[in-house]
Amino acid sequence: MAARPPFDLSHAAISWWRENGRKDLPWQQEPTPYRVWVSEIMLQQTQVRTVIGYFDAFMKRFPTLQSLAEASEDDVLHRWTGLGYYARARNLHKAARHACEHFGGELPADQAKLESLPGIGRSTAAAIMSLAHQQRATILDGNVKRVLARFHAIDGWPGERTTLDTLWARAEEHTPSQDFRIYSQAMMDLGATLCTRSNPHCLLCPLQPGCAGQHTPQLYPGKKARKPLPVRATTLLIAVDDQGRALLEKRPSRGIWGGLWSFPEFADKSALCNWLARNYYPPTRDLEALTPFRHTFSHYHLDITPIRADVSREHSNAGRVMDGDKYVWYKHEDVGSSPDGAPPDGAPPDGTPPGGFAAPVVRLLNQLQENTLP
DNA sequence: AAGGCGTGGCC
DNA sequence: TGGCCAAGCCT
């Protein structure tokens with residue numbers, strides 16, 4: 001079998017850009033170091049559409065590096081209003097003054113010197129070097145990270161040192177020695193228009209033939225590793241009356257399942273038993289815990305132990321429990337096969353709660369209905 | 001090195 | 001619908 005020649009990423013990206021790239025952005029006209037610099041700062045964590053509304057006005061007010069340096073910080077911040085990340089504007093102003101003071105009023109064509117200016121990091125410095133000074137330099141912004149992470153199927157979150165190092169290494173390797181200016185712009189355009197975070201257009205992508213992530217783009221770049229969620233435990237009382245109704249409790253509006261209907265919740269079995277004995281006669285037989293199961297929230301796992309207790313409402317001293325606004329005896333065959341969604345109005349204490357159910361409660365109610373509680 | 005910084009768009 | 005993310009950098 002003949003070895004396939006390695007896919008030439010930069011060549012493919014450059015060819016694509018010549019045909020399909022963006023060439024009419026405001027900062028691409030007269031790409032002077034100053035204009036490229038201002039645009040790159042504005043574009044940090046900010047989408048092109050938003051920046052377009054600010055760039056020309058800013059450049060009109062501060063047409064040169066000198067004019068920016070001579071302006072007051074307040075004036076600069078004023079022109080930045082609405083763009084967000086205002087430290088960018090303060091740094092821009094500081095850097096302009098520094099450049100006037102120490103770099104002869106010009107932005108240096110030197111990556112290290114650029115990076116010494118406040119607000120200019122490795123990638124922004126490279127963008128200025130490449131796009132404005134026409135020197136070979138490697139950028140790695142969010143677009144390029146996404147493109148390269150997919151192209152090389154690089155696992156891991158780019159916020160991690162090792163992942164970031166890998167991405168920089170790949171980025172350096174791909175940077176051509178010719179047309180690096182076009183290459184830089186092409187990679188950003190690919191990330192912004194085709195290799196988007198969601199719904200990338202792989203079929204239109206010039207890198208698709210060599211892309212290791214083309215079938216699973218959603219895996220890249222990797223997401224931040226979540227530290228393992230804490231585990232909490234709770235106990236739910238499934239009190240069932242002689243007609244098969246279950247006691248539900250309306251939860252307080254704050255906290256988990258706020259305002260939803262749930263089974264009465266207790267810290268543990270003994271708290272549950274105390275409550276049961278206080279409000280009903282002690283159950284006729286020992287309470288057996290049902291099979292515990294896990295419900296996961298965004299911020300913790302909740303291990304739920306349901307405990308069923310058959311109670312007789314004839315023999316209850318439940319007057320203080322039976323607050324119709326907070327408790328209801330519920331049988332969901334009265335309303336339908338599933339308690340999903342908002343049940344129709346019902347009159348407590350017998351009937352249907354006028355609100356939603358906590359998710360695990362739906363599961364338990366269905367099992368109760370089908371008599372399949374484990 | 002993890003978190004803060006702003007606003008707008010996405011599903 | 002609210003969490004996640006976007007042409008990052010600084011501390």
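Numbered from 1 within each chain, the chains take letters A, B, ... in sequence-line order. For clarity, every value in this text was computed on a predicted model and none was experimentally measured.
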Heavy-atom count check: over 12 atoms from other residues, nucleotides or ligands less than 6.0 Å from A:His11 NE2? no

Take atom P in B:dT7 and the same atom in C:dT1, then report the distance between them in whole Å. 23 Å

Just checking A:Trp80: base, sugar-phosphate only, or nothing, at a heavy-atom cut-off of under 4.0 Å? nothing

Mind checking what makes side-chain contact (heavy atoms from CB on, under 4.5 Å) contact with A:Arg88, not counting sequence neighbours? A:Ile41, A:Gln44, A:Thr46, A:Trp80, A:Leu83, A:Tyr85

Against A:Met187, only a single residue in A:Leu148, A:Asp141, A:Ile182 fulfils side-chain contact (heavy atoms from CB on, under 4.5 Å); can you say which? A:Leu148

Comparing A:Gln44 with A:Ser198, nearest DNA chain B nucleotide closer to 5' gives the residue A:Gln44

A:Lys145 to A:Trp168, cation-pi by 6.0 Å centre distance and 45° axis angle: no

What are the two closest non-hydrogen atoms of A:Asp56 and A:Pro26, and how far apart are they? OD1-CB, 3.8 Å

Derivation of the side-chain hydrogen bond (donor to acceptor under 3.5 Å, both in side chains) call for A:Thr163 and A:Thr166: CA-CA 5 Å; A:Thr163 307; A:Thr166 301; over 6 Å; no

Please evaluate the base of B:dG6 for a donor-acceptor partner in the side chain of A:Thr46 within a cut-off of under 3.5 Å? yes

Sticking with atom P, work out how far B:dG8 lies from C:dC9, rounded to a whole angstrom. 22 Å

Spacing between A:Ile41 atom CD1 and C:dG8 atom P, to the nearest angstrom: 11 Å

Could you check whether A:Asp8 and A:Ser10, counting side-chain N and O atoms only, form a donor-acceptor pair closer than 3.5 Å? yes

Would you say C:dA6 has OP1 or OP2 under 4.0 Å from some side-chain N or O of A:Gln47? no

Have a look at A:Ile120 and say if it touches a base, only the backbone sugar-phosphate, or nothing, with a 4.0 Å heavy-atom cut-off. sugar-phosphate

Quick check on the 6.0 Å ring-centre criterion: do A:His98 and A:His93 meet it? no

Whole-angstrom distance between C:dC4 and B:dG4, as gauged at atom P: 14 Å

note: A:Tyr86, atom OH; C:dG8, atom P; distance rounded to Å ~ 17 Å

Side chain proximity check, A:Cys205 to A:Cys195, heavy atoms < 4.5 angstrom: no

Yes or no on salt bridge (Lys or Arg N to Asp or Glu O under 4.0 Å) for A:Arg122 and A:Glu172, after CA distance, side-chain angles and deciding distance? CA-CA 12 Å; A:Arg122 183 172 174 182; A:Glu172 299 273 9; 3.1 Å; yes

Which listed nucleotide (C:dC9, B:dG8, C:dC5) is nearest to the side chain of A:Thr50? B:dG8

Would you measure the distance from the P atom in C:dC5 across to the matching atom in B:dG3 and give it in whole Å? 14 Å

DNA chain C contacts among residues 141-154 of chain A, heavy-atom distance under 4.0 Å: A:Asp141, A:Gly142, A:Asn143, A:Arg146

Is any side-chain N or O of A:Asn91 closer than 4.0 Å to OP1 or OP2 of C:dC10? no

If you look at every strand shown and take non-hydrogen atoms under 4.0 Å, does A:Gly191 touch a base, only sugar-phosphate, or nothing? nothing

Quick check for you: among C:dC5, B:dC11, B:dG3, whose closest atom lies nearest to any side-chain atom of A:Lys224? B:dG3

Would you mind reading off the distance between A:Ile128 atom CD1 and C:dG8 atom P, rounded to a whole angstrom? 14 Å

Counting only non-hydrogen atoms, which of residues 161-181 of chain A are less than 4.0 Å from DNA chain C? none

Residue met sooner reading DNA chain B from 5', once A:Gly84 and A:Gly159 are mapped to nucleotides: A:Gly159

From OH of A:Tyr85 over to C1' of C:dC10, roughly how many Å is that when rounded to an integer? 12 Å

